[in-house]
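Just below is one structure, and these are the notes that go with it.
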Amino acid sequence: LSAQETATYPSGHGASSEGASSEGGVGTVSVLVVINPLTEAAQRVAPLLLVLRDQLRLPLRVLLRPALQLTEFPLSNFYRFVVDSDVGEVQPRAVFEGLPRKHVLTMRMDVPESWNVQSSVAAQDVDNLRCTDQACGDDSSGEDGLAGGSVTRIEYTLKSLLATGQCFDELEKRPPNGLQLKLLRLGTELDTGGGAFQAFQVGASSSDTVVMQNLGYFQLAAAPGLWELELAEGRGKDLYEMEGGAGGQVESIRVAVTAFYDENLMLRVKKRRGMEHEALLEEIGDGQGDGSSEVDEAEVSAGGGILSKGLSKVGNMMGFAGSEKDDKRAAALAGANATVTPESEKIHVFSLATGHLYERFLKIMMLSAVKRASLPVKFWLLENYLSPTFKDSAEAMAKEYGFEVGFVTYKWPSWLRQQTSKQRIIWGYKILFLDVLFPLDVSRVIYVDSDQTVRGDLAELWRLDLKGKPYAYTPFCSSRKETLGYQFWRSGYWKDHLRGRPYHISALYVVDLATFRRQAVGDQLRALYDNLSRDPNSLANLDQDLPNYAQHMIPIYSLPQEWLWCESWCSDKTKAQAKTIDLCNNPMHKEPKLDMAKRVVAGGLFKESWVELDEEIRGLEARHRVGVKTAHETTEASLDMGFG
């Protein structure tokens with residue numbers, strides 16, 4: 001295209017000319033669009049322009065203004081925008097035709113911020129859509145009658161809507177970050193007996209969250225209907241009271257979820273009489289004992305004023321409230337052999353995966369963790385990228401082995417700097433939203449990478465004293481001498497920045513959520529991320545670099561080395577003491593993850609090899625008729641879930 005090319009759609013295509021009567025269209029309104037055609041914005045707006053022209057019959061003039069110079073290919077995706085003013089009985093759908101057959105494609109939904117959309121039907125791996133020698137699509141024809149073998153059909157479901165808003169202290173004129181909120185379906189009493197599944201699904205009767213420092217933002221999952229928003233039981237409710245519309249004190253405010261578009265709630269609170277000088281949160285102590293907690297000028301420059309505010313005084317312990325509510329799937333996910341266990345005597349494990357290969361690894365991790373644990377286990381899995389086939393398998397495993405599974409989700413707020421790479425989005429979910437992902441009555445979680453195999457008892461980590469620190473990570477191994485030269489933190493900027501502190505790996509960590517929340521660690525990590533991510537070359541390993549960079553402000557408890565063994569960095573002599581085995585990448589050569597798993601997790605050190613654990617799960621899936629069909633199984637992933 002030339003620098004400026006004009007495309008005018010005449011009234012013969014359904015658009016009316018100016019001055020037309022109301023029967024032919026809104027003639028007093030015309031639309032002029034100036035756009036660069038080689039942008040994602042143009043991809044989004046194109047179908048909307050067709051609706052303006054064909055359905056609303058508006059005069060439309062489009063000016064195409066492409067960039068004259070390009071430094072990289074401007075578009076790397078195929079985009080379809082599902083929009084129609086009158087769909088009738090036809091289900092809205094996006095159709096991609098003529099796609100390249102020799103490339104691996106990844107499907108990602110682009111939905112309004114207030115929508116929680118999850119895949120509900122998918123035979124193939126939506127992260128690794130590729131053609132095989134036998135077929136280039138699903139095995140059987142879909143309901144639309146299109147030929148099987150050439151069409152892939154994926155269905156998505158709107159599982160819940162989000163009630164988002166802002167909360168401000170009327171007297172102090174700032175957000176009361178750390179204040180805990182609870183959303184209850186109108187007329188529903190909160191069940192405190194515990195349950196198997198977090199109430200983040202359509203039909204659930206409650207959800208809870210924490211107010212963030214930035215804009216006083218909060219986010220709660222809800223179904224359409226009437227709800228009550230109130231302060232959760234605990235220190236926050238002891239210190240604060242809610243303000244009603246007339247300025248008086250109220251116990252709750254009514255929330256009507258009635259629309260599919262964003263509705264921003266405004267919650268006003270103030271300190272109770274006599275509590276004006278009481279602090280909600282507490283300060284982060286230096287707690288390291290291994291170096292100064294002072295921040296140098298370079299760090300202040302990187303963090304900016306937001307970090308200074310994030311490190312201001314924060315006061316005493318908060319209480320925890322809320323509970324888990326069952327639904328039909330929850331009962332199954334609780335496991336037929338599971339019993340109701342006090343939260344303090346239950347290990348809560350957090351993990352995430354995307355793509356069938358990493359879901360296969362995740363099932364191995366879950367099984368190995370349960371087999372070695374001396375306490376009941378509940379897994380919290382990020383639902384955003386899990387396939388329907390994995391959820392069916394998780395349900396079957398929960399019944400068979402007597403553990404629990406909960407699915408959590410959180411929508412990346414629009415005000416927090418976005419990531420466009422799916423891999424970096426997933427890394428962000430590992431670290432940026434730990435304070436709001438889980439129910440408020442979960443006081444600790446252990447994150448375990450999906451490609452790990454557990455040899456030790458996670459109850460040891462569950463009971464471990466973190467000495468007042470909000471989280472604990474394992475330092476990188478340094479016993480394999482041939483790879484020491486690849487450890488970038490041993491020299492240059494990182495060496496100067498760490499000042500003798502270890503650089504930790506993010507494949508396994510423990511989060512004391514009680515401490516994490518009452519020290520407002522989530523707010524500080526998000527503020528630091530938002531500042532550093534302005535440079536696209538910073539935070540190359542987002543989930544790992546961020547907590548390591550922040551050690552001067554947010555101390556890390558270093559776990560014993562045996563809690564994470566990785567062949568790339570740890571010597572063979574130390575493998576016998578390892579309590580988890582991680583399949584991190586080797587910087588000297590590339591090896592498929594599946595081959596690595598079969599080779600590394602084998603031999604006399606293991607009660608069951610990786611292959612034996614995999615076969616055990618395959619047998620269970622065959623009995624329950626769930627899981628991925630062999631024809632669609634992925635042996636190598638397009639997205640690497642970890643660093644190493």
Side-chain angles (χ1 to χ4, degrees), residues 118-120 122 159 191 193-204 323-343 345-354 356 358-409 437-439 441-442 444-454 457-459 462 608 612-628:
Q118 308 291 345
S119 61
S120 54
K159 300 200 69 174
D191 177 12
F197 191 63
Q198 181 167 353
F200 278 2
Q201 312 297 319
V202 170
S323 72
E324 303 161 327
K325 301 297 293 180
D326 297 333
D327 65 4
K328 292 181 180 180
R329 177 183 282 271
L333 288 169
N337 302 318
T339 57
V340 177
T341 306
E343 295 303 309
E345 293 301 315
K346 185 188 300 178
I347 304 170
H348 293 262
V349 179
F350 171 46
S351 194
L352 47 79
T354 180
H356 286 177
Y358 275 95
E359 289 177 347
R360 184 177 176 184
F361 286 131
L362 178 56
K363 287 180 280 189
I364 299 293
M365 184 276 286
M366 295 166 67
L367 180 57
S368 64
V370 169
K371 282 177 174 283
R372 309 290 169 252
S374 59
L375 292 175
V377 179
K378 177 161 187 174
F379 294 97
W380 296 97
L381 306 177
L382 185 71
E383 188 177 16
N384 299 35
Y385 304 106
L386 291 176
S387 70
T389 53
F390 173 85
K391 295 174 188 177
D392 292 339
S393 295
E395 179 179 332
M397 290 179 65
K399 289 179 179 179
E400 184 84 7
Y401 298 106
F403 59 80
E404 299 177 53
V405 178
F407 297 113
V408 292
T409 185
L437 262 179
F438 310 100
D441 61 354
V442 176
R444 175 175 288 207
V445 292
I446 302 170
Y447 175 83
V448 185
D449 254 358
S450 57
D451 62 350
Q452 286 194 59
T453 303
V454 179
D457 184 359
L458 291 180
W462 184 252
E608 302 102 348
E612 290 171 330
L613 291 171
D614 187 48
E615 290 176 347
E616 182 175 342
I617 293 173
R618 294 299 184 97
L620 180 148
E621 291 177 331
R623 293 194 302 273
H624 290 266
R625 297 182 179 180
V626 295
V628 180

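Numbers for residues simply follow the sequence, beginning at 1.
Qualifying side chain to side chain contact (heavy atoms under 4.5 Å, CB included) partners for Ala122, counting only residues two or more places apart in sequence or in other chains: Val126, Ile154, Pro388. Shown here are the side-chain hydrogen bond (donor to acceptor under 3.5 Å, both in side chains) partners of Arg623, two or more places apart in sequence or in another chain: Glu400. Residues satisfying the ring pair (Phe, Tyr, Trp, His ring centres under 6.0 Å) test with Phe390, not counting sequence neighbours, are none. Under the side-chain hydrogen bond (donor to acceptor under 3.5 Å, both in side chains) criterion, Thr389 pairs with Ser387, not counting sequence neighbours. Here Arg372 pairs with Glu608 under the side-chain hydrogen bond (donor to acceptor under 3.5 Å, both in side chains) rule; sequence neighbours left out. By the ring pair (Phe, Tyr, Trp, His ring centres under 6.0 Å) test, Phe379 is found to be paired with Phe403, residues two or more places apart in sequence or in another chain being considered.
The CD1 atom of Ile617 lies 5.0 Å from the CG atom of Leu367; values are rounded to the nearest 0.5 Å. The CD atom of Glu395 lies 9.5 Å from the NE2 atom of His624; values are rounded to the nearest 0.5 Å. Within the model, atoms CG of Leu362 and OG of Ser393 stand 10.5 Å from one another, a figure rounded to the nearest 0.5 Å. Separation of atoms NZ (Lys391) and CZ (Phe407) is listed at 6.0 Å; rounding is to 0.5 Å. With rounding to the nearest 0.5 angstrom, the CD1 atom of Ile347 is 5.5 Å from the CG atom of Asp457.
Contact of the Ser351 side chain with the Phe361 side chain is not registered, since no non-hydrogen atoms from C-beta on lie closer than 4.5 Å. Counting only heavy atoms from C-beta outward, the side chains of Leu437 and Trp380 never approach each other to under 4.5 Å.
No option in Glu615, Met397, Lys399 other than Met397 meets the side chain to side chain contact (heavy atoms under 4.5 Å, CB included) test with Leu620.
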